[in-house]
Structures are given as structure tokens and as C-alpha cells.
Amino acid sequence: MADTSTDRLDRHALVMAIWTPSAFVAAILAHTGIASEAAPEVARAWIAAAFAAVILAFVGHVIVNTVLKTGFTAGETALGLVAFATALLTLLLTVLTGSDDLVQRIFLPVGVGLMALVVAVIAYLVIRHGPRGAFEKFDVIRDNNLRPASRLPHRGGRR
Amino acid sequence: MTPLLFSLLLLLTLYAVYFAARIARLDAPAAEFLDGGGRLPGWAAMFILPGLAIAGLGLEQHLWRVSTFGLSASHIAVGFVLFAVAALLIWNRLWYVTRIAGLATPGEALGRFYGSIALRVIILALTLLFALPFSANLLSFAAQLLEQASNGSVPRIAWVWLLAISLAVPAIIGGWRAAILVLAMHAVLLALLLPGSTILAEILIAGPGFPAQPIPVAEGVLADRIPGVVQYVGGIGKKVLPVGIFSAVAIGSSILALLGILFSPASLYLGQTVRAGATLGVSSVWLTGGLAGGVLVLGAPLLATRMADGPMALAETLYAAAPLAGAALVLMLVIATLFAVSFFVTGGVLIFTRELIIAYLLPDLSHRAQRFSARVALGFTFFFVALLASFFPLLSAVTASVALPLAVQMLPAFLGLGFLRWISRGAILAGMTLGMLIVVFTEPLGLIVFEALFVELPWGRWPLTIHSAAWGLTFNLLIVLLSAVVTLNAPDRFERDRLHDSLLAATRVEIGGRGLFWSLMLVWGFLAYGPGAVLGNTFFSDPIFSPVAAALGIPSLWVWQILFWLFGVVLVWWLAYRVGFGNLSETHIEPIELGQAPPRRSPDWLAAGLARVAGNKRR
């Protein structure tokens, strides 16, 4: 589908039109959960809702890819990984340097939320590529040590 | 809240500039600046259509009306279903007309089909009305909102110019495609923030809201009932009954006025420049009739109850509990207005450039020069819009009040273009003239001028609480039908027949012979927003078939609205998918040349005038 530069830009705009509002809504929910002085259970609900917004945006992105017959671009994958790593690092730094109260309020919901994101990505990969195909996406060692036998169909059929 | 709001608006501007710059750097032909090559992505129009419906309603105004007049005002949101039906019918046929006969703008489509320069001029006048006073009024309102949000630290006029610049720069850089791609994101943001703000307000603000607590209307106003079918009063400014103005006919006619946004030239132009696909069905059924209609029917009473002291009071309360939530509420109201400003100014200028500058004034312009002229026109128009919004807000408001009802008077012309081949040019022009005159004299524009110059009129705005759009359209249609009877075999009938035959061959969809569908539409319309809507006042609380009163816990009228909104979505689905109006396909299109193509040259008097200004000898 995205075969011309205009088509690629249209797809990019669509992806951004999904992610920008979702990210803003997620930020509102997360900020409400983290900054509010409500009980920890309430804060957890807000943060869970924020991660739900992110996962819904991811689902929307996958739908776009399916409808337009495209996949995640290298830039999108890199941006996703960087955002995830930053969030993980921020959580770890907060655990190390933040107050006990803050850590108690956010560690569990944010940690579970980040894990949910990983699960969502794995689920997508398994659905899209199948279990073997999903594993092969990360099978760097095998890629770096290609042997003739690995090309055989019954050994995985690597071309 | 000021720095936060300022940052959010800055981010939105950067987003727009980013996409405008990306589009400007594409190796696309310069002419695409004006129309996106007629291949705008369907998903963008899909998101924009519900945004347009909300813009036509005026989000903040709607919430104010609901908090002032109660559920009867909220009933207008059921009309999103009718808006979706009209969008399906008009956008579908106009898109095919554009592809079949190569008629690229709304003015060209009507002008060539009916063989009338007057219709092209009327479309241009409407374009100007939406691009200048209508947009200026909205811009002024957005700036006023931001002034309140910043506690006056940034004055209204400063906000007007900041907003105008932030909208102008992306439009000038990227043209039609950039505007549409950015507005699509704004529409998605609006779709998320509207239910999001409602839910946040319900959770974060203490105390019961709607329906546990009724909408806090003024004493005497019926908060949860429609005050009768019609009110025999002179209209707003003369006399209005204290029970509220939204009688059943006021609701129905206001919904009719809402269609004006669909008949605005920029909206029609969007429908013409979108690429083929099935997104029109998704947009009208699920996003406009379903999502936008549902969010307003369900959410507006809740939000309006919380907004009894005004939107800023609610925003401040939310800001105290969660700063981003408070800023998001203001942002939502601002975006709902800026969305319309950007859309109507950019679309209007591009139509104006094509219809006037390229078609008549400077027909020999190269594509690059056309793009340049459009950019200059965009810059000037945004400047004038900001000027009007800054220094003439009242004039803009009064003039803007006629924009939607005047646009509705185009309905017979588009019915003739798309469906009813027996409607002739003379009928259209006669009906439109009378309809537009009636609109002007049932709105403040005509009333103020006439009463200042001559005598006091016995009626005010919206006599009998019937919106000016409905007054105008009633007489318009009457004249059209009577005139069409005597012009059935007018000389231009042959060309109209040719286009309609081609339309049928291309769409393979006939509007006639759908007796059950149209019968259900009529019954639904009568009960949903016609005189039958008053049955909803007590239908579920005091059922007529039982002596026992039901204890629903929510107003009967609200249940009625929800029910008929859901029925309405089913009807839109039927029209889009079963009848087939939701799909646009180029497969069976056979292009034709409609009538005699007008010569691409300036009229002599214009060429002479231009030559004098430029100091050149006349060619």
C-alpha cells in the first residue's frame, strides 16, 4: 500500500494521529495517578488506565498496519524501544532515589503496566509471525552462524 | 494553567508545522497544494466528518445550551444521525460527479451542472462567509476562552493573533493536504478528550452529578422535558416562554441548521478531494452517527451539569485535582473551535483561488504560480480573520449567525445534482433567493439592519421557535417544487439527464424503490426529533399502557434520546452498507464532458482592469 512517498507520509500521519492523542490521554491519566494524593488503590487504577490507553494505541497501530498491508518501520521500532527503555530506567531510578511513599504507590502498577506492554508486543509477534517466526525475529546467534543445513525446510527453512 | 496551556498549544503547532514541512518537501506537483491531487487519504476525511459535526454544533455552545435549557437542548445531538445520513447522500454523489464530469470544486459542480454563473457566485459568497466572519467569530471565542483560562494575563487580542499565526503557518507551508492531515489528528484528540473529560469530571469532582442531580437550569425552565411541539411566540428578542426555547420544532429545525456545516463549500470540497474507498461508510455510521452522536447524547448532560458555573470554573476545579485534566478540558473546547477555523479558512481560500483567481482573473498561471497565489491568499485571509476577530467580534458574530442557515439553502441544488434530475436552474435560483432572504430576516443580521433603517418587525429571531434554516428551506423547497413543475422540459434537461445516467451507471445505487427504508426514516424522524419527540417526556416514567409509574432513576427523555440514537445508527448503517452509499469506487466510472466547457480566459473588463493596475498593455 505505502508505495509512494505520499502514501508513506499519509500512513505516518495516520500513525501519529493515533499515537499523539493516545499519548496525551495516557499522560493525563498517569499524571493524575502519580501526582494525586488519593489512596494507592486509586492511583493504581489511574496508572493502569494510562497503560490501557497505550496498549489501545498499539492495537490501533497494528490495525493500521493490517489495513494498509504494512509493518512497523525501523524508526517506529527504534522509537518504541527507546521509549520503553526510558520508562524502565525512570522506574528503576525512582525505586532507587524516590521516597518510600511514592515507590509504594507507583512501583506495582507501573511495573505491571510495562510487563503488560511486553506481553502485548509478544502476543502481536506470535499472532503475526507464529511462535517459530516470532522467535526467529530475535534469533541473532542463528543469523550470525548460518550453516547450510539451516536452510532446509525441516530445520526452519531459512533462506 | 497558562504555561501548561501555552505548551500544549505550542506542541500542537509544532505538530502541524512538522507535517506541513514534510508535505512541502514531497516531490509532488505544485498543483497538489490546492487539492491534494484529489487523492486525500480516506481515513483523514473519516475522522474529520464527526469533527465537522461537532464544530457545526459548537461544543461549548452546546454544553452551555444544555446547562441552560436542560435535556431538550441536548436532544439536538440525536441529529448527528441525520447529519450522517446527509453526509452519505451528498458526499457520495458529489464525489462521483467530480470523477465523472471532472468538476473539481463545489462551485464548478453546481455551476456547470445547472449552467449558471450565479450559482458559482453564490458558492463563492458562502465560501467567504465561512472563511471570514464565521471563522473570525470562532477565533474570537477561542481567544476569549484562553484569556479566561490565563486569568487575563494574556489578553484576548494577543491570543487571537497567536492562534491565527499558529494556524496560518502550517496552511501556507503545506496547503490542503497538510491542513486535512493535521485536522484529522485534532478530530481524534477531540474524540478522546470529550468522553475523557466527562469521565474525569465525574470521578475527580465530589458530589453527585447527572442524573442523580438534575441539570441546574433557571427556575421555570423544564430541565428534563421538551416544552411542547411548538411555541406560539414571536421569537427570540420579542418573547420567549420561560419554560425554554427548545420545543420539538425548535429541535428539529436546529438539527436542520446543523446540516449547514455539511453544505459549506469547504466541507463539500473535502468530499470531492478524497480518494476512493469504504471510509465514508465507517465515518458516517460508526464515527459520526455512532461515536460522536453517542458521546454527546450520553455525555453532554453529565458535563453540562458540572459546568453550571461555566467551563472555566469546571476547568479550575479539575486543574486543582489534576493539572493536566484541567488543561485538557480547556484544550478540548479550544480545539473544537480552532478545528473549524483552520478548516474553513484553508478550504475557503483554496476554493476561492481555484474558482476566482485561476478560473477568471489569471487563467494562464503556471502551477507554481497558482501555489504561490494560494499561499499569498492564505496569508492575507488569516490576517483579515484575525483583524475581524480582534476588533470586530460583534460584527463577526452577527454575520456568522447566518452562515449555517444560508448554507442549508443549498440543499435543493445538491438534491438536483445527485438525485432529482427534474429540478431546473430556474427553480433552484428562485427557491434559493427566497430562502436566503427569509433566513436573513429571521436572524439578527436582517432584523437589526431592517429595524434600524425602517420599522420594528413583528417577529424576532426564529419565529415560533423555528430555526431560520427551516423557515428558509420550507419556502425554498416550495418554490423549487412549483417552479420545477413548469420547467420539467427545460432546454438544459438533456445535460442533466446525461450526468444522472452516468451517475447511475457508476454508482449502481438507486435511491428510489427503498420503500421500507424511507418509511422507517420518516417514522424515526417523526419520533426522534419531530413532533413525536414530546412523547419521550413521560413515555418511560409514566407509561401510557400502565397506570403504574416506573422508577427509572433517570429522566424518561434521556432514555428516549438514547433509544432513538441507537435506532438511528441502525438506519445509517442500512443506508451505508445495505443500500450502498458508504462505498466510493472508481471501477465503473465513465468520464463525460458536461455541457460546453467554459473558456479559460478572463472577462475583458477584468483583463483591462488588471492591465491598468499592472501597468501593462492589454493583450
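By convention in this document, chain letters (A, B, ...) are assigned in the order of the sequence lines, proteins followed by strands, and residues within each chain are numbered from 1. Keep in mind that this is a model prediction, so the values were computed, not measured.
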Can you confirm whether [X] is buried at [atom1], in the sense that more than 12 heavy atoms of other residues, nucleotides or ligands lie under 6.0 Å from that atom?
X        : atom1 : value
B/His367 : NE2   : no
B/Arg375 : CZ    : yes
A/Phe107 : CZ    : no
B/Phe6   : CZ    : no

With a 4.5 Å cut-off on side-chain heavy atoms, are [Y] and [X] touching?
X        : Y        : value
B/Val188 : A/Trp19  : no
B/Leu192 : A/Phe24  : no
A/Ile18  : B/Trp43  : no
A/Thr6   : B/Arg177 : yes

When [options] are compared by non-hydrogen pairs under 4.5 Å with chain A, the top option:
options                              : value
B/Leu8, B/Val182, B/Leu189           : B/Leu189
B/Leu11, B/Leu40, B/Leu181           : B/Leu181
B/Pro41, B/Gly36, B/Ala184, B/Ala321 : B/Pro41

>> For the interface with chain B, which of A/Val42, A/Val64, A/Leu14 has the highest count of heavy-atom pairs at distances below 4.5 Å?
In response: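 With the most close heavy-atom pairs to chain B, the winner is A/Leu14.
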> Do you know which of A/Leu29, A/Asp10, A/Val25, A/Ile28 has the most heavy-atom pairs with chain B at a distance under 4.5 angstrom?
Replying inline: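 The candidate making the most pairs under 4.5 Å is A/Asp10.
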When rounded to the nearest 0.5 angstrom, what distance separates [atom1] in [X] from [atom2] in [Y]?
X        : Y       : atom1 : atom2 : value
B/Arg25  : A/Leu9  : CZ    : CG    : 11.0 Å
B/Ile203 : A/Thr32 : CD1   : OG1   : 9.5 Å
B/Leu12  : A/Thr20 : CG    : OG1   : 9.0 Å

> Looking only at heavy atoms, which two atoms of A/Ala17 and B/Met185 are closest? And how far apart?
Replying inline: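 In terms of heavy atoms, the two residues are closest at CA-CG, 3.7 Å.
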>> Show every salt bridge (Lys or Arg N to Asp or Glu O under 4.0 Å) that has at least one partner inside residues 320-341 of chain B, sequence neighbours left out.
In response: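 Counting only pairs at least two positions apart or across chains, no salt bridge (Lys or Arg N to Asp or Glu O under 4.0 Å) contact touches residues 320-341 of chain B.
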>> Between B/Leu190 and chain A, with a heavy-atom cut-off of 4.5 Å, which part of the residue counts as in contact: side chain, backbone, both or neither?
In response: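 The answer is neither part of B/Leu190.
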> In terms of heavy-atom proximity below 4.5 Å to chain A, should B/Leu204 be classed as side chain, backbone, both, or neither?
Replying inline: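 The side chain, not the backbone.
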>> Would you call the rings of B/Phe19 and A/His12 parallel, tilted or perpendicular, taking 30° and 60° as the class edges?
In response: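 B/Phe19 vs A/His12 ring planes: tilted.
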> For A/Ala35, is it the side chain, the backbone, both, or neither that has a heavy atom closer than 4.5 Å to a heavy atom of chain B?
Replying inline: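 When you check distances to chain B, no heavy atom of A/Ala35 falls under 4.5 Å.
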